[in-house]
Engineer: 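I'd like to ask some things about the structure below.
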Amino acid sequence: MNVITPPDPARHPFLTGKPKRLFIDGKWVEAASGKTFDTLNPSTGSVLASVAEGDAEDIGRAVEAARRAFDGPWRRFKPFERQNLLLKLADLVERHFEELAALDTLDMGAPISRTRASRLRALGMLRYYAGQATAIHGETIENSLPGDYVSFTLKEPVGVVGAIIPWNGPLTATIWKIGPALATGCTVVLKPAEEAPLTSLRLAELCQEAGVPPGVVNVVTGYGETAGAALAGHPDVDKVAFTGSHLTGQKIIQASAGNLKRVSLELGGKSPDVVFADADLDAAVPGAGMAVFANSGQICSAGTRLFVEQAIYEEFTARVAAYGKTLRVGNSSDPETQVGPLVSPEQLDRVTGYLAIGRQEGARPLSGGERLTDGDLAQGYFVPPTVFADVRDEMRIAQEEIFGPVISAIPFTDVDEVIERANRTSFGLGSGVWTQDVSRAHKLARSLRAGSVWVNCYQAMDPAVPFGGYKMSGYGRESGKQHVEEYLNVKAVWIKTG
Ligand code: NAI
Ligand code: MG
């Protein structure tokens with residue numbers, strides 16, 4: 001595959017190629033309505049591609065295809081055959097990685113340095129799930145019934161999975177849904193986010209090339225309220241795996257009630273990052289900064305509530321603000337860019353709205369705080385790394401998910417106090433601790449009510465380590481053995497042998 005450096009929409013093979021249709025039952029088809037919608041390059045505001053606008057009818061066709069595939073030859077694929085498919089897909093993703101990274105960058109605005117760096121993670125996930133395909137097993141369980149009975153469990157694929165993903169990392173989000181499905185023998189209908197649907201379509205092509213049978217992976221692009229809602233409410237979908245906002249998560253649960261489908265939810269957060277005065281500050285400054293500035297803050301587990309011990313509060317917040325100013329904000333295709341644009345005009349409005357709210361609430365901006373409109377930046381949706389000091393727990397910028405590069409810095413004086421305040425949020429996804437005191441690190445690791453605790457680091461992820469939320473950050477785990485279990489049913493089998 002030709003290497004594209006830097007990503008250029010006019011030369012990208014997928015963008016200059018065929019129309020962007022729906023992938024249903026192994027075929028590329030128009031939406032039943034014939035409608036299309038545009039996806040933008042957030043660095044420039046220009047239209048990148050026109051994409052088929054699937055709706056309930058297309059979701060219906062895709063679910064039928066997924067059901068047929070689930071009941072068809074796919075059901076008899078041996079674990080090692082599913083493993084081989086995933087390994088083949090991983091090889092194809094590896095071969096086309098540069099192109100996929102460029103597509104993510106152009107469609108959602110993550111800097112090319114970042115999307116290129118997701119290579120290990122993307123390939124690692126596919127190969128991890130490949131390994132899991134041959135590690136699925138039930139148990140033989142001794143029972144106490146009088147007479148002779150053998151009892152054992154079978155692990156069976158849940159069935160047709162509806163996967164609904166957001167725009168903040170389309171390549172890895174897509175792999176995170178189809179990986180466990182292929183490993184377990186489920187079939188999938190994936191609905192990408194309307195803001196960044198292209199990488200999922202390109203991955204569907206690669207699934208086809210890898211030999212994934214028709215109907216096993218289907219991709220229906222379209223809007224949340226139409227295509228997404230139809231998938232969440234479909235009576236023949238067995239499970240919905242959703243990643244996105246908690247408000248949509250609540251709608252997904254309501255929509256699931258009709259057939260009581262299984263639901264797993266990977267939602268947002270307002271994650272605390274706690275810096276003690278004894279921390280290695282040279283590491284903590286960029287660590288706490290990138291916990292929020294990476295991907296322009298568009299990460300569910302971003303450490304946006306920065307609790308800093310009073311003794312170092314002024315110095316530390318000033319250093320994080322200064323660090324933020326050193327980051328290069330710009331067009332995400334530029335290899336030097338460290339902070340790209342927000343994904344859409346809507347996200348720009350949302351984040352600049354919070355910048356205004358923060359000032360009204362009395363928070364003190366130490367850096368950033370305004371949209372960037374110099375030169376070419378005016379065409380895109382750029383907000384610079386922003387640090388608000390003097391934030392109080394009850395402020396909206398300390399409670400609500402902003403999903404932009406905005407740190408709310410809050411002082412604290414005491415360990416027990418900061419644990420209580422860090423937990424005073426309706427979310428519980430990520431959390432960070434910076435200290436050289438081992439006892440204190442352990443105490444916080446046990447006390448923070450969040451699905452991940454990162455000590456002297458932030459955002460470490462691995463395909464084998466479970467990731468997910470407490471409280472309103474959702475339930476279910478992705479990555480790790482738990483993730484595979486989410487796509488399996490347990491069946492008990494009894495055989496009377498006496
Ligand atoms: P969203 O939750 O509305 O969108 C995520 C996915 O859900 C998209 O594919 C969308 O089309 C779909 N969707 C929307 N409404 C649906 C419905 N009624 N039924 C089924 N599917 C539906 O998030 P959105 O609007 O993109 O972003 C709004 C805010 O949500 C962000 O500012 C951020 O705070 C939060 N968010 C959090 C994410 C996370 O990873 N935790 C990811 C995306 C957004
Ligand atoms: Mg786009």
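Numbers here are sequence positions counted from 1. Atoms within a ligand are numbered from 1 in the order they appear, just like the ligands themselves. Because the structure is predicted, anything quoted here is derived from the model rather than measured.
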Engineer: Any idea which protein heavy atom is nearest atom 7 (O) of ligand 1, and the distance to it?
Structural biologist: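 Here the closest protein heavy atom is F242 CE1, 3.2 Å.
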
Engineer: Which protein non-hydrogen atom lies closest to atom 42 (C) of ligand 1, naming both residue and atom, and how far is it?
Structural biologist: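 Here the closest protein heavy atom is P166 CB, 3.3 Å.
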
Engineer: Taking 4.0 Å as the limit for heavy-atom contacts, which would you say applies to E194 with ligand 1: side chain only, backbone only, both, or neither?
Structural biologist: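 The answer is the side chain of E194.
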
Engineer: Show your working on side-chain contact (heavy atoms from CB on, under 4.5 Å) between E205 and F23 and close with a plain yes or no.
Structural biologist: CA-CA 9 Å; E205 286 187 345; F23 186 60; over 6 Å; no

Engineer: Between ligand 1 and T243, is the shortest N or O to N or O distance under 3.5 Å?
Structural biologist: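 In fact, backbone or side chain, T243 has no N or O that close.
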
Engineer: Can you tell me which residue and heavy atom of the protein come closest to atom 26 (O) of ligand 1, and the distance to 0.1 Å?
Structural biologist: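 So the nearest neighbour among protein heavy atoms is W167 NE1, 2.8 Å.
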
Engineer: Given A193, G224, A232, which one has a non-hydrogen atom that is nearest to atom 17 (C) of ligand 1?
Structural biologist: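 The residue whose heavy atom sits nearest atom 17 (C) of ligand 1 is G224.
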
Engineer: Under 3.5 Å between any N/O of T248 and any N/O of ligand 1: does that happen in this structure?
Structural biologist: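 Min N/O separation from ligand 1 is below 3.5 Å for T248.
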
Engineer: Looking only at protein heavy atoms, identify the closest one to atom 23 (O) of ligand 1 and say how far it is in Å.
Structural biologist: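 Of the protein heavy atoms, S245 OG, 3.9 Å lies nearest.
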
Engineer: Which bit of Q347 gets closer than 4.0 Å to ligand 1, counting heavy atoms only: side chain, backbone, both or neither?
Structural biologist: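 The part of Q347 near ligand 1 is the side chain, not the backbone.
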
Engineer: Considering only heavy atoms from C-beta outward, does the side chain of T243 approach that of W176 to under 4.5 Å?
Structural biologist: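 When only atoms from C-beta onward are counted, W176 and T243 do not touch, as no gap falls below 4.5 Å.
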
Engineer: Using a 3.5 Å distance criterion without hydrogens, assess whether the side chain of D349 forms a donor-acceptor pair with backbone atoms of E346.
Structural biologist: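 No.
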
Engineer: Can you list the atoms of ligand 1 that are under 4.0 Å from a heavy atom of C300?
Structural biologist: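 Counting from 1, the qualifying ligand atoms are 39 (C), 40 (O), 41 (N).
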
Engineer: Does the side chain of E400 pick up a donor-acceptor pair with the side chain of Y354 at under 3.5 Å?
Structural biologist: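 The answer is yes; a qualifying pair exists.
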
Engineer: For the pair W454 and Y458, name the ring-plane relationship: parallel under 30°, tilted 30 to 60°, perpendicular over 60°.
Structural biologist: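 Judged by the thresholds at 30° and 60°, the geometry between W454 and Y458 is tilted.
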
Engineer: Under the 4.0 Å line, does any protein heavy atom show up next to atom 3 (O) of ligand 1?
Structural biologist: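 Flag for atom 3 (O) of ligand 1 set to true, protein heavy atom closer than 4.0 Å.
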
Engineer: Tell me whether the guanidinium CZ or amine NZ of K20 lies under 6.0 angstrom from the six-membered ring centre of F14 and within 45° of its axis.
Structural biologist: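 Judged by the rule (NZ or CZ under 6.0 Å from the ring centre, within 45° of its axis), K20 counts as positioned above F14.
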
Engineer: How far is atom 18 (N) of ligand 1 from the closest protein heavy atom, and which atom is that?
Structural biologist: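 Atom 18 (N) of ligand 1 sits closest to the protein heavy atom K251 CD, 3.6 Å.
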
Engineer: Taking the six-membered ring for Trp, are Y323 and F293 parallel (under 30°), tilted (30 to 60°) or perpendicular (over 60°)?
Structural biologist: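 If you compare the ring of Y323 with that of F293, the planes turn out parallel.
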
Engineer: For ligand 1, which part of L247 has a heavy atom less than 4.0 Å away: the side chain, the backbone, both, or neither?
Structural biologist: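 L247 to ligand 1: no contact under 4.0 Å from either part.
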
Engineer: Report yes if I165 has an N/O atom closer than 3.5 Å to an N/O atom of ligand 1; otherwise report no.
Structural biologist: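 The answer is yes, given that I165 and ligand 1 share an N or O pair closer than 3.5 Å.
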
Engineer: Under 4.0 Å, heavy-atom basis, I'd like to know which part of P192 is in contact with ligand 1: side chain, backbone, both or neither.
Structural biologist: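 The backbone, only.
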
